[in-house]
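Structure first, then comments.
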Amino acid sequence: MCGIVGYVGPRRVVPVLLEGLRRLEYRGYDSAGLVYQHNGELVRHRAKGKLVNLEGVVDEHIGVASGTGLGHTRWATHGAPTENNAHPHTDCKGEIVVVHNGIIENYNALKNELIAKGHTFVSETDTEVLAHLIEDCLDGDLVAAVRTALSRVDGSYAIGVLWAREPELLVAARNQSPLVMGVGEDACYIASDIPALLPYTREVIFLDDQEMAVLRRGEYSILQIEDGVPLTKEVTTIDWNASMAEKAGYRHFMLKEIFEQPQAILNTVSGRIVPDTGVVDLPEIGLDPATINTIDRIALVACGTSWHAALVAKYWIEKYAGIPVEVDIASEFRYRKLLVNERVLTVAISQSGETADTLAGIRRAAELGSKVITVCNVVGSTMTREADGVIYTHAGPEIGVASTKAFTCQLAALFLLTLYLGQVRGVIDPVTQKKLGNALIDVANLIESDLPRMQKDVQELVERYYAAKDFLFVGRGLNFPIALEGALKLKEISYIHAEGYAAGELKHGPIALIDQEMPIVALVPKDTVYQKTISNVEEIKARQGRLVLIGTEGDEHLASLTEDVVYLPHVREDLMPILYTIPSQLLAYEIANRRGCDVDQPRNLAKSVTVE
Ligand code: F6R
């Protein structure tokens, strides 16, 4: 939610800011703005809507030879998405500017206090209060003023601050919103996320809560906000490169990311499993075998698509590791009475590692004595630093707002976790383990070879279905969460109302929705519940529902039920969720495209949900 970027160095500043914002736009696109130092003044440009509107009002080639500047892309929380509410915000004199990601919870009280002192506010945002508060505290030392101002603030923030009178100084600070610093030759950067830095540097420092950075050309210092004590922080080298966060000839990031899935899954699995035996090694998990053997329950905590991955993992872990699993939506987990203790392992699943509710959930679990691990895609993100252990999904940067490759990589990582837990606890026999390990690698290879054909099959359906108003997705067992995921993908990028149901649950209510208009996507692989699912499909057909079936190659019966069948190769039942996800991703993508929707930046959404 909101992306911030900042630069101090010898490059022309405006192109650096715009390039950074392009790579952060997935975080919000209600408005965009930037500011840079020029001849002792701060020059600010802002525009409502997407970044392209800002690009229309800023001369990218403006001749500022070197520079200091800040940029922002907004996901509105306080105040409508207007140009006036767009960041950067300034103090009364226009000498201090602030960009901010987060929420200042006590902004109203602070605003009233500052108005009483004579400050004039021009926006409806919580952020503007920061600019005036810093102005109020400023007595010749910007760093001290920012520290004093922040000591008055409740809430979450990642901020960048400039002062017209110090052209080569950028002050940044973080509390509960992500902020990473880039260290380049003779230059320093800040950004909400790593992709903004990749064209310039792969050397980064992750700021922690209550830390601030003082950046000048080619030098920086990091301090604690509270007492100003200097800190020494580790520089991490990121193994992503700039082109990984580009479209590489695809029309959309989402399509590129769908097609990257086979390689991303292999990257996630590679080096962690011995192909001949299925033996799994997860040294980064941070749990010794003795601890693993004392676990008597696992709590899986996540939001959205990541929660769907957790639902699949419950089936796997209970079956192959023999540990009872509870799955929670993080925003519910964090506020309910938790029966969690040191014998419960909490596993957070998150692409970004920054989702506010999931983060709060693991903090509560840790307070209650639970060990916490996170399955995460972003190196150095907050969850990875707070958890006792991490299983990274090596999906590479995911830019499309709708999660695709991160989801299938989460499934792969959770399958590895399942095998590992079963192996350490001695409850999985070596023959099964070998078969499961091989099946995981096979599924990635099968997706690779079948993806173009799947896309073609799905494209043939689009004309018949793109205008539907509602959709149902149904599946049983391991494919029930995949039905939920299919419905989520469709609604978020095509704006068609869609619901996912366990196929057996239809007759308890949703079957009343079925008529000649209602498309139902049913996942009917040849699995152990095949006959049961087919019976549910027959019930839909008897009520003239419009069926799209996704099932196993060679199953002629499906073609007798509807002309709209997408066939998938046979895979071991346990791994079906990974394969059966792909056609629904493609269906959502193709329908959204046909309806003229903005696939990569659907309305009202942002990729990294750092507010609760
Ligand atoms: C949907 C989607 C979201 C995220 C959710 C959690 O396509 O991407 O539902 O899955 O916001 O985000 P992470 O995984 O970053 O915690």
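In this chain, residues are counted from 1 in sequence order. Counting convention: from 1, in listed order, for ligands and their atoms alike.
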Next item on the list: Output the set of protein residues with a heavy-atom contact under 4.0 Å to ligand 1, ordered first by chain identifier and then by residue number.
Entry: Cys303, Gly304, Thr305, Ser306, Ser350, Gln351, Ser352, Thr355, Val401, Ala402, Ser403, Lys489, Glu492, Val609

Next item on the list: Could you tell me whether the side chains of Ser306 and Gln410 share a donor-acceptor contact shorter than 3.5 Å?
Entry: yes

Show every donor-acceptor pair shorter than 3.5 Å between a side-chain atom in residues 470-480 and any protein atom, with sequence neighbours excluded, or say none if there are none.
unit_1 : atom_1 : unit_2 : atom_2 : d
Asp470 : OD1    : His497 : ND1    : 2.8
Arg476 : NE     : Asn536 : OD1    : 3.1
Arg476 : NH2    : Asn536 : OD1    : 2.9

Checklist line | Cationic N near anionic O, under 4.0 Å, Arg594 to Glu463 | finding: yes

Note to self: Could you check whether Glu246 pairs with Arg23 (Lys NZ or Arg NE/NH1/NH2 to Asp/Glu carboxylate O, under 4.0 Å)?
What the structure shows: yes

Check: Looking at residues at least two apart in the chain, or sitting in another chain, which of them share a salt bridge (Lys or Arg N to Asp or Glu O under 4.0 Å) with Asp527?
Finding: none

Item checked: Test salt bridge (Lys or Arg N to Asp or Glu O under 4.0 Å) applied to Arg363 - qualifying residues, sequence neighbours left out -> Asp209, Glu386

